[in-house]
Colleague: 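My questions will all concern the structure given below.
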Amino acid sequence: MSLDPAAVRRIAKLARIRVDDAELPVLAGELNSILGWIEQLNEVNIDGVAPLAGAPGMTQALRADVVNDGGYPEKVLANAPDREGDFFTVPKVVE
Amino acid sequence: MISDFTLAGARAALRQRDVSALELTNHFLTAIDTLNPVLNAFITVTPDLARAQAAAADAALARGDHGPLTGIPLAIKDLFCTQGVRTTAASRILEPFVPPYESTVSANLLRDGAIFLGKANLDEFAMGSSNATSAFGPVINPWTRAGDNRQLVPGGSSGGSAAAVAARLALGATATDTGGSIRQPASFCGIAGIKPTYGRCSRWGVVAFASSLDQAGPIARTVEDCAILLGSMAGYDAKDSTSANLAVPDFAAACRRGVKGLRIGVPREYRSDDMPAEIETMWQQGLSWLRDAGAEIVDVSLPHTKYGLATYYIVAPAEASSNLARYDGVRYGARSQGADLIDLYENTRAEGFGAEVKRRIMIGTYVLSAGYYDAYYIRAQKVRSLILQDFTNVFAKVDALLTPTAPSAAFGLGERMDDPLKMYFNDVFTVPANMAGIPGMSVPAGLDANGLPLGLQVLGKPFDEETVFAVAQAIETAAQFTTQPSIRAKG
């Protein structure tokens, strides 16, 4: 399968990255070249193979469901590009 | 001569009070002042902090109170969050970010007395194999071809760490490896580097790229220096749910074990017709050194090797697209303005990320998107299972594997930039270890016809870094690699 500029625009939208219309065909070419090369995995017989999601031999670590960190809003907000009091700010979302 | 010190040698000199931590630190800060304008190995240098840490180290040494790294000046890859010191991941989007916390690995180094000279350059978000994707400019390899002063890449993504150590701007450095980012730059810069087993070092406070593959490790000039550093960096951390709750062995002692009686596998799939003859020759030389030291060489097969890279370029971008979703211009990092919230996100990410990072986020977004998830992502995870199975099978028969680290020596700045796939092939020999989570180390073994360093890679069983160190040490001892790069600090 091959991505056309409209498909690249849709992916960019999902990825929340603005892409100028003029860049779409270039990006489509680059992404198609990578995806075309990845197609080689279709040669591999994967019948009956279980997917490996992470490093092998890991068990899920659990901890007590209690608050064990926090209480320092100044540290949390210290790197905010914009803030009001103890809040992060964004452009108005609800009219 | 301070520039000639290995980390182990400097440690002995500090303990004997032949040199002070402040003398060492001032020496390296001066060397950085002189050579960083040429090499661009550091994004941020922290002289005041380093001198304060050096004064504390000298006070500790005067009391006879020395930790494993007391007074040892290091470079820290700018992917490790350092409290109060800007941490950029070599991206515009993190340019203003000053972490209010310290990564576990760097905190472990500070606990053991290390001095931090500054933050080393890297490919943006550790995505690259030449350090050319850094938003703070490329790093230059301290090595040049004989009779040719054109600039070469140091490899990547830990290019700043590798260049700093090779040029004698630090005694060692932290690095990270998602697909080869410790081993390939170590090979390109003629130094040693180990990616330990996944879970050996905590990922807490390390800017995430692909969480099931990322692993921290050291870069240094000798195998023993890497062992000393890894001993401090490693260890269980409850703040990383994938951290292994295992005791940290004495890695430095393991370097002295020798290889007598070890079975070393040679995976036949790592050989290809287009491999440069001198890499093949060096590989054979490495096997013959190990045979002479008492090891038995065994031919083995890892049949899914050729699919490692393609699998990686699904799994790593998928995880990256998820991890990098956090950079939205709201809570930290750079923000670009927008008419509404979506606009703000899209502008922030368009202006904050470089071209390679955007490409990988988009590939990842696509392979995880509805309708394509099974065809790409699940299929890749199944092939990943097969790659792991290959290693499990061979490690039932051998103790370690020996391969070349990279398919070439360092290449020219600006080369292989026209096609992303060409750059990806740098990692063909290193990626499988990340897919399987096993340890891998690059050790300098020789020079190519142009006088550039070439590395050999030792791969080991999960959590058996000790055998990896023993084998790497045997190669280092036999190789007698003493050539130094043309650009380096002196005195």
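Since this is a predicted model, take the numbers as computed values, not measurements.
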Colleague: Using non-hydrogen atoms and a 4.5 Å limit, figure out which bit of L344(B) sits close to chain A: side chain, backbone, both or neither.
Modeller: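 The side chain, not the backbone.
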Colleague: Heavy atoms only, distances under 4.5 angstrom: which of P96(B), G364(B), S212(B) has the most pairs with chain A? Name it, please.
Modeller: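 Greatest number of close heavy-atom pairs with chain A: S212(B).
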Colleague: How far apart are the closest heavy atoms of N45(A) and L386(B), and which atoms are they?
Modeller: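 Looks like O-CD1, 3.9 Å.
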Colleague: Sort E351(B) into side chain, backbone, both or neither according to what part of it lies under 4.5 angstrom from a heavy atom of chain A.
Modeller: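 No part of it gets close to chain A.
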Colleague: Among I314(B), N347(B), I361(B), T311(B), which residue has the highest count of heavy-atom pairs closer than 4.5 Å to chain A?
Modeller: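 The option with the most such pairs is N347(B).
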Colleague: With a 4.5 angstrom heavy-atom cut-off, could you sort out which part of S321(B) is near chain A: side chain, backbone, both or neither?
Modeller: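 Looking at S321(B), nothing touches chain A.
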Colleague: Could you tell me which non-hydrogen atom of L52(A) sits nearest to which non-hydrogen atom of M435(B), and how far apart they are?
Modeller: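 Reported closest heavy-atom pair: CD2-O, 4.3 Å.
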Colleague: Which atom names give the shortest non-hydrogen contact between R379(B) and L41(A), and what distance separates them?
Modeller: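 Nearest pair, atom of R379(B) first, then L41(A): NH1-O, 3.0 Å.
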Colleague: By a 4.5 Å heavy-atom criterion (distance strictly below it), what part of A355(B) contacts chain A: side chain, backbone, both, or neither?
Modeller: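 Neither part; nothing is under 4.5 Å.
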Colleague: Pick one of side chain, backbone, both or neither for L27(A), based on which atoms fall under 4.5 Å of a heavy atom in chain B.
Modeller: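 Answer is side chain: those atoms of L27(A) sit under 4.5 Å from chain B.
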Colleague: Relative to chain B, which of N68(A), V93(A), T89(A) shows the most heavy atom pairs under 4.5 Å?
Modeller: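 Result: the option with the highest number of such pairs is T89(A).
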Colleague: Name the region of R63(A), side chain, backbone, both or neither, that has any atom closer than 4.5 Å to a heavy atom of chain B.
Modeller: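 Neither; nothing under 4.5 Å.
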Colleague: When you measure from the side chain of N79(A) to the backbone of R331(B), do you find a donor-acceptor pair of N or O atoms at a distance under 3.5 Å?
Modeller: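 Side chain of N79(A) to backbone of R331(B), a donor-acceptor pair under 3.5 Å: no, none is there.
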Colleague: Do you know which of E319(B), R359(B), Q389(B) has the most heavy-atom pairs with chain A at a distance under 4.5 angstrom?
Modeller: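 When all of E319(B), R359(B), Q389(B) are compared, R359(B) has the most.
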Colleague: Taking the side chain as every heavy atom from C-beta outward, state whether I11(A) and S369(B) have any pair of such atoms under 4.5 Å apart.
Modeller: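 When only atoms from C-beta onward are counted, S369(B) and I11(A) do not touch, as no gap falls below 4.5 Å.
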Colleague: When the ring planes of W37(A) and F425(B) are compared, do they come out parallel, tilted or perpendicular, using 30° and 60° as the limits?
Modeller: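 Perpendicular, since the angle between the ring planes exceeds 60°.
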Colleague: Between D82(A), L31(A), V76(A), L14(A), which has the largest tally of heavy atom pairs under 4.5 Å with chain B?
Modeller: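 Option with the greatest count: L31(A).
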Colleague: Is it the backbone or the side chain of E30(A) that comes under 4.5 Å from a heavy atom of chain B, or both, or neither?
Modeller: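 Side chain only.
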Colleague: Mind running salt bridge (charged side-chain N to carboxylate O under 4.0 Å, His left out) on E346(B) and K13(A) for me, showing each step along the way?
Modeller: CA-CA 8 Å; E346(B) 291 187 345; K13(A) 194 82 195 165; 3.1 Å; yes
Colleague: Measure distances from L309(B) to the heavy atoms of chain A and classify the residue's part below 4.5 Å as side chain, backbone, both or neither.
Modeller: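 Looking at L309(B), backbone and side chain both touch chain A.
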Colleague: Determine the minimum heavy-atom distance between E43(A) and K306(B), stating which atoms define it.
Modeller: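 Looks like OE1-NZ, 3.6 Å.
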Colleague: So which of V8(A), V19(A), I46(A) has the largest heavy-atom pair count under 4.5 angstrom toward chain B?
Modeller: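 Top count of heavy-atom pairs under 4.5 Å with chain B: I46(A).
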Colleague: For chain B, which candidate among L62(A), L77(A), D69(A), N42(A) shows the most heavy-atom pairs at distances under 4.5 Å?
Modeller: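 Of the options given, most contacts go to N42(A).
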Colleague: Mind ranking V98(B), T348(B), D340(B) by heavy-atom pairs under 4.5 Å with chain A and telling me who comes out on top?
Modeller: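 Heavy-atom pairs under 4.5 Å are most numerous for V98(B).
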Colleague: Please answer whether the main-chain N or O of V49(A) pairs with a side-chain N or O of S385(B) as donor and acceptor at a distance below 3.5 Å.
Modeller: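 No.
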Colleague: So which atom in V330(B) and which in F88(A) form the shortest heavy-atom distance, rounded to 0.1 Å?
Modeller: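 Closest approach of V330(B) to F88(A), heavy atoms only: O-CD2, 3.5 Å.
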Colleague: In terms of heavy-atom pairs under 4.5 Å with chain B, which of A53(A), A78(A), P81(A), G54(A) leads?
Modeller: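 Greatest number of close heavy-atom pairs with chain B: P81(A).
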Colleague: Out of F97(B), Y307(B), Y198(B), return the one with the most heavy atom pairs under 4.5 angstrom to chain A.
Modeller: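 The option with the most such pairs is Y307(B).
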Colleague: Salt bridge check: are D343(B) and R18(A) linked by an N-O gap of less than 4.0 Å?
Modeller: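 Result for this pair is yes, salt bridge flagged.
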Colleague: Please classify the contact of Y101(B) with chain A as side chain, backbone, both or neither, using a heavy-atom distance under 4.5 Å.
Modeller: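 For Y101(B), neither part sits under 4.5 Å from chain A.
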Colleague: Say you draw a straight line from OH of Y327(B) to CD1 of I17(A); how long is it, rounded to the nearest 0.5 Å?
Modeller: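 It comes to 13.5 Å.
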Colleague: Starting at CD of E39(A), measure out to OH of Y376(B) and round the result to the nearest 0.5 Å.
Modeller: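 The distance works out to 4.5 Å.
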Colleague: Looking at P51(A), A7(A), A61(A), which has the largest count of heavy-atom pairs under 4.5 Å with chain B?
Modeller: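 Going by pairs under 4.5 Å, I would pick P51(A).
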Colleague: To the nearest 0.5 angstrom, please state how far the CD1 atom of I342(B) sits from the CZ atom of R16(A).
Modeller: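 Here the interatomic distance stands at 4.0 Å.
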